[in-house]
Amino acid sequence: MFAYVARRVLTTIPLLLIGTFLVFSLTAISGDPLARLAQLDVDQAAYDRIIELYNLDQPIPQRYASWLVSAAQGDMGPSPSQGGQQTFDLVWERAKNTARLAVPAFIIIAFTAVTLGVYSAVKQYSKLDYFVTGFSFLGISLPTFVFGLLLQVFFGIWFFDWFGFRPFFVQGMRTVSSHGFVPMIQSHVLPIITLWLVITASESRFQRAAMLEVINSDYIRTARAKGLPRRTVILKHGLRNALIPLVTIWAIDFALLLGGAVVTETIFAWPGLGRLLLAGIFQQDLNLTMGVVVFIAALVVIFNLIADLLYGVLDPRIRYE
Amino acid sequence: MVKDKKYGWRLVAAAGALALVATACGDATDDAEPDDTDTEEPADPETDDAEDEEAAPPSDDYCEAGGEAELVWVHEQEPPDLHLDDPNNNLSIASWIRQAMWEAPYGVSAATTFIPELVESEDVSETDDGWRYEFTLRDDAVWSDGEPLTAEHVKGTYDIIMEGYDFETGEGGVYLFGSRSAAGYTLIDPDSWEVDGQTYSFTTEEFFSGYQGWFEPIQPVHLIEDAEAANAAIPDWEIDGEPLPSSGPMIFESWDRGVGMTLTRNDDYHGVNMENPDVSNAGVACVSGIQINFVADTDAQINSLLAGESDIIMTQPQVAFGERIATDDNFTVASEAGPVWEHWGLNVNNEHLSDPDVREGIAFSLDKRPVMQALYTPLFEDLLPETGLGNVYWMSNQPAYVDHQGEAGYGVGDVDSAAPLFEGAGYERNDDGIWEHPEKGTLTLRVGTTGGNQLRELQIQIMQEQLRETGVEIEIDNVPGAAYFGERPFAPEAIECALSGGEEGDCTVWDITQFAWVGGPWPGAGHNAFLSDSGNNPYGYQNDEFDAKADECDSIADEDERADCYNELSQYVTTRNIDDDGLVVLPITQKPSFFAYSNVNLMEGAVAPDANAAGPIVYVVDYLPAG
């Protein structure tokens, strides 16, 4: 097991190097930080400052190498679009804010996706199955920005018109330390529901398909023939195998949730990684963009590794050699 | 492997607990959010219409009628820092925030005129040495740290601006902006300064008509000693770990990047200069502070206002206002004509547009009225002329305004006048109805703007449709966001073409550009868009006579004579009245600056927004929270 983990970690290093080089290169050539100076009638000093900040007088591979050496030592450089704050500190602070949404959202998503998927499969072609299928297609086809804004309108405006109070905040992050427990909950609910709908919709479909395949397999039929209770057959023997494909999806979804839900954070003014990434891209802040991208890439690698290890837990036939 | 069911439940319980902990226990840093009063039941809405409102007399007890609350402003852009000379900066939002904290000798009224702010009296007179300017600041002016604001602060501000500048070569300087010359500071004789208490004076060799815009804003030089210190302190508005002191009604408190910024009331504020016709409150601000929340999405901003979580918003594009807010009695949409003017700029080095007859043909063919009727009149009614703007030096709400393009017959879709011009230039209508030249081909021109700006995109689409009917084919060539400028009209190779008269660089980067310039009470600030050697002139217009005339206009002391002179300059570039090879710009309209505020949370809003990039909190003293 240890050797497997070590080998997997080592193989991710060249993957990260290639990935970061591609992102660095594409980001570097996608915009010219000097271009905006042309319309400002500035002195040469302004140009020199920007050139020095981004090493623009060097070729891209050399710039990437400089960045990589610094990043490997934990120094991702200052972020000009964020007042020169250190990129690493910024990413870490925002990651904590994003985790406030991502962790509870993921737990709710995992629970509901499995429940809906299993029920839908076990009760195939029942009213419940049609309902869950309809819900899933609605969630998949409804863009996040539409659903998020609809929630804001519903709970922020219509709900008040009908009942005279607003149960949730439509914008901003509130913490226990700054506002208290109830406002904290009120500010978290709508963005979590937004994340929940979109991801649960697709995951429940995966779960349903996997469960259908499993419950129609021979060993399940055998288990039933042996007289095992239906509940035990489904939950102990069926669900465990049906979870394997979903674990892969969970790994990716959770990593991406922790990496920041760009649209959800933008709509709900949530100070997370997604908005930070947007700021880096739109303001051509190379250090910031790279910092967030590397963080997300690392999360994807780590959670994929965890998923691979979980396969062995769920299916004893899988051995790590 | 999880074999024991108990372990499974423990795992679920632990995960649940972890989720609650992650949700509940944030760091204890200051998270800047709207306060909890947002969920209160609203009071009876005020239905005052800002445009119908008459100016109330100045009052010291203005605030007594209302309650006390923080003003929550939700805005789409967050400035990278608060240093206006930083090329990374987003100038508008940084300027708007600073307006509430630092004052200047003169401010700008809603009618885009200079009004005294810190200056109590001025004396400008001609002497044997040139022109002598003497100003006296108000006696009670004071910084929020208790330091009196004196003429020494004005002199210190001048010293910071000019530090390192070489008068002989015209180069150097610690500040990044190369705008000293354009703003006229280089005209001031550095040895002529005299400072005494609240009075300061200096000399220029020639009169400079933009003098009221000098030293804006006055900096706290008792703490910021030189340019290096200014460049270090201003971006984060902090010196020695403390916020910079204010001379305005608000004091900087904190900035949680990516979330918001908090300003608090300056209780020692000396009050707005009551010569300002736009302000009613003579004392300190009624609101306890300003919470600025940065929300990128326009619909989300509007939702926050509708949900009562914010008090004011100032969205782009403004068309969104009309759909959801302008008709709701719970909100007031406040607007002024403003100094920002949209235009179509013509690349005179384009093979079609190099012929002035073609340019004039397009000017005749273009009908600005459909644009006004579709995008502006429904929201602003008669705030703007129905035929749009016809002058690039004076705006329609300024007394000296003359509609030069209107007088020339441009901008109303006069196809009959356009046709002979196109024919004279060698064009004939082809089977598709488009003008076609035997050598240059069809009159197809690319028009580009900042993609994603809904208002501008609609503007182009309307004019594209309208010009198609008159035989001019328009292809849309937008580039998303501000990148448009660097990739099209201000691309280095395009500017090289413009400055070299088409001899060098690449003259095919763009054909027609649509964006806005910002005017102001002193029109001379706009010369740079048309001067022969200016990097801010993308159109390629070059005329030595115009350049000399620009200097001449700036030095005319008589106001009426000067106004006429600027009107002459406008005709050079908007018509062929003076320069037959002129007409390089088709002004479309002033873009009204405006914002919406909640009548539920506020009894009164400040109704003079953005006169000169001032923003919605420039008169924050007038915001009166509901009781």
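Everything numeric here is computed off the predicted structure, so don't read it as measured data. Every chain is numbered from 1 and lettered A, B, ... according to where its sequence line falls, protein lines coming before strand lines. The analysis underlying the following values was restricted to heavy atoms, covering all of them including side chains, and did not include hydrogens, waters or symmetry mates.
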Heavy-atom pair with the smallest gap, counting every atom of A:R166 and B:L306: NH2-O, 3.5 Å
Mark yes or no for whether B:E309, through its side chain, and A:V170, through its backbone, hold a donor-acceptor pair below 3.5 Å. yes
If you measure from CZ on A:R94 to CZ on B:R257, what distance do you get to the nearest 0.5 Å? 10.0 Å
So which of B:V295, B:D297, B:D236 has the largest heavy-atom pair count under 4.5 angstrom toward chain A? B:V295
Of B:I302, B:N303, B:D299, the residue whose pairing with A:Q152 passes side-chain contact (heavy atoms from CB on, under 4.5 Å): B:N303
Can you name the closest pair of heavy atoms from B:A296 and A:T266 and give their distance? CB-CG2, 3.8 Å
Would you find more than 12 non-hydrogen atoms of other residues, nucleotides or ligands less than 6.0 Å from A:F159 atom CZ? yes
Tell me, for A:L276 versus chain B, whether the close heavy atoms (under 4.5 Å) come from the side chain, the backbone, both or neither. neither
Option in A:L90, A:I267, A:L149 with maximal non-hydrogen atom pairs under 4.5 Å from chain B: A:L149
